2 protein chains.
Amino acid sequence: MKRTSLAGDSCPVARALDVFGDWWSLLIIRDASLGRRRFGEFQAGLGLAKNILATRLRTLVERGILKTVPASDGSAYQEYVLTPKGHGIFPILVALRQWTEEFDEHPDEIATIMVDRDKGRPVRKLALLSQDGRVLGAADTTLKPRPVKKTARRALV
Amino acid sequence: MKRTSLAGDSCPVARALDVFGDWWSLLIIRDASLGRRRFGEFQAGLGLAKNILATRLRTLVERGILKTVPASDGSAYQEYVLTPKGHGIFPILVALRQWTEEFDEHPDEIATIMVDRDKGRPVRKLALLSQDGRVLGAADTTLKPRPVKKTARRALV
DNA sequence: CAATGTGGTTGCATTATTAAACTTCATTGC
DNA sequence: GCAATGAAGTTTAATAATGCAACCACATTG
């Protein structure tokens with residue numbers, strides 16, 4: 001069957017999904033961003049099979065989303081923590097959260113809200129802004145071919 | 001295999017992934033937001049098997065992300081267009097795109113950039129803001145239990 | 001040093017994905 | 001008006017991923 005890979009796709013959305021777009025990866029990343037670090041913590045929190053968790057952790061490490069570090073409690077085990085590349089996924093988690101908050105049919109089943117740590121007040125909705133600060137909706141945007149970088153152009157000459 | 005359903009989960013991230021978190025749905029939604037409407041357009045653009053496309057379109061309609069409308073060209077076929085709930089996914093697509101733009105190992109393979117339609121200039125990065133307008137990173141946020149709505153509280157009394 | 005806990009791996013049954021062939025209805029060419 | 005083509009699916013059979021349970025190696029605890 002060979003599940004079609006999106007790795008070589010030219011669309012940045014597809015490329016992101018190729019890295020962490022499977023059923024469990026984003027949930028693992030979510031838990032990691034909440035401070036979970038140990039294999040057992042992920043397994044208990046997510047309720048997934050251990051073999052699948054092992055596979056996912058391995059590929060997320062391979063892809064530079066997570067890295068393994070010696071356990072913080074001095075034991076000989078290892079822990080999994082987000083790399084900068086992994087921390088960069090945070091806005092995606094926020095966007096997913098906010099979509100559910102706005103459109104879910106049963107918002108009363110949502111357990112938590114995201115708040116500003118300082119003030120304890122709910123965060124604002126993510127907004128897409130133009131360079132001059134206008135709020136943009138989907139209809140206010142277009143896609144253009146990526147301009148070739150100067151260095152790349154010089155290399156071609 | 002019995003893919004574990006996340007529908008009843010209390011985490012809003014999991015609930016969103018339960019709706020469109022599979023391998024193809026977000027790509028279909030991406031294409032829909034680019035103006036693709038017909039079965040054949042999706043199939044040609046995504047290169048996925050027709051049976052899977054048919055299944056995905058059906059469940060996305062069931063879940064209120066897409067709706068079917070009579071074809072715009074007067075033919076007897078139908079077209080698939082985003083509902084408001086589906087349009088609400090746009091920020092998630094933007095977040096995925098921007099993550100790839102920032103962290104991908106081969107950014108030269110990315111074909112397009114998102115620009116402001118008016119000015120033709122690249123959009124800004126999505127930013128998470130507090131109520132008083134400060135930019136928040138992951139470390140500046142926490143999760144709190146969802147406060148009970150007034151109406152719900154009154155219903156309990 | 002035996003017992004338990006952590007962090008996996010292995011094997012098997014079940015379910016999902018895929019490509020290709022087939023079906024149905026609408027549209028076009030003649 | 002009728003055959004041929006195309007759009008939009010459905011069906012079928014092979015293959016890959018998932019889930020569950022059992023097993024294993026090593027570390028830690030009593």
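Not measured: the values here are computed from a predicted model. First the proteins, then the strands, lettered A, B, ... as listed; each starts at 1.
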Exercise. By salt bridge (Lys or Arg N to Asp or Glu O under 4.0 Å), which residues pair with D140(B), not counting sequence neighbours?
Worked result: none
Exercise. Which atom names give the shortest non-hydrogen contact between R146(A) and D108(B), and what distance separates them?
Worked result: NH2-O, 2.6 Å
Polar atoms only, N or O, under 3.5 Å: list the protein pairs with nucleotides 27-30 of chain C and their distances.
unit_1, atom_1, unit_2, atom_2, d
dT27(C), OP1, A76(B), N, 2.9

Seminar exercise, completed: Hits for salt bridge (Lys or Arg N to Asp or Glu O under 4.0 Å) against K50(A), two or more places apart or cross-chain, chain-then-number order -> none
For this session: Quick one: which residue pairs count as a salt bridge (charged side-chain N to carboxylate O under 4.0 Å, His left out) with a foot in residues 51-69 of chain B, not counting sequence neighbours?
Result: D22(B)-R56(B)
Problem set entry | ring pair (Phe, Tyr, Trp, His ring centres under 6.0 Å) partners of residues 40-93 of chain B, not counting sequence neighbours, each pair once | none
Problem set entry | Atom-to-atom span, CG of L48(B) to C1' of dT17(C) - whole angstrom | 10 Å
Exercise. Do any pairs count as a salt bridge (charged side-chain N to carboxylate O under 4.0 Å, His left out) and have a residue in residues 122-131 of chain B, sequence neighbours left out, and if so which ones?
Worked result: E102(B)-K125(B)
Problem set entry | Sequence-distant partners of D9(A), side chain to side chain donor-acceptor pair (under 3.5 Å), two or more places apart | none
For this session: List in numerical order all residues of residues 49-58 of chain B for which some heavy atom is under 4.0 Å away from an atom belonging to DNA chain C.
Result: A49(B), N51(B), I52(B), R56(B)
Exercise. Mind checking what makes salt bridge (Lys or Arg N to Asp or Glu O under 4.0 Å) contact with R30(A), not counting sequence neighbours?
Worked result: none
Exercise. Does Q78(A) place a side-chain N or O at less than 4.0 Å from the phosphate oxygens OP1/OP2 of dG8(C)?
Worked result: yes
For this session: May I ask you to verify if any side-chain N or O of Y80(A) is less than 4.0 angstrom from the OP1 or OP2 atom of dG8(C)?
Result: yes
For this session: Please list, chain by chain and in numerical order, all residues satisfying salt bridge (Lys or Arg N to Asp or Glu O under 4.0 Å) with E79(B), sequence neighbours excluded.
Result: R37(B), R38(B)
Exercise. Is T4(A) near enough to dT17(C) that one of its side-chain N or O atoms lies under 4.0 angstrom from OP1 or OP2?
Worked result: no
Problem set entry | All ring-ring contact (aromatic ring centres under 6.0 Å, His included) counterparts of F20(B), not counting sequence neighbours | W99(A)
Problem set entry | Contact list for DNA chain C against residues 21-44 of chain A - heavy-atom distance below 4.0 Å | R38(A), F39(A), G40(A)
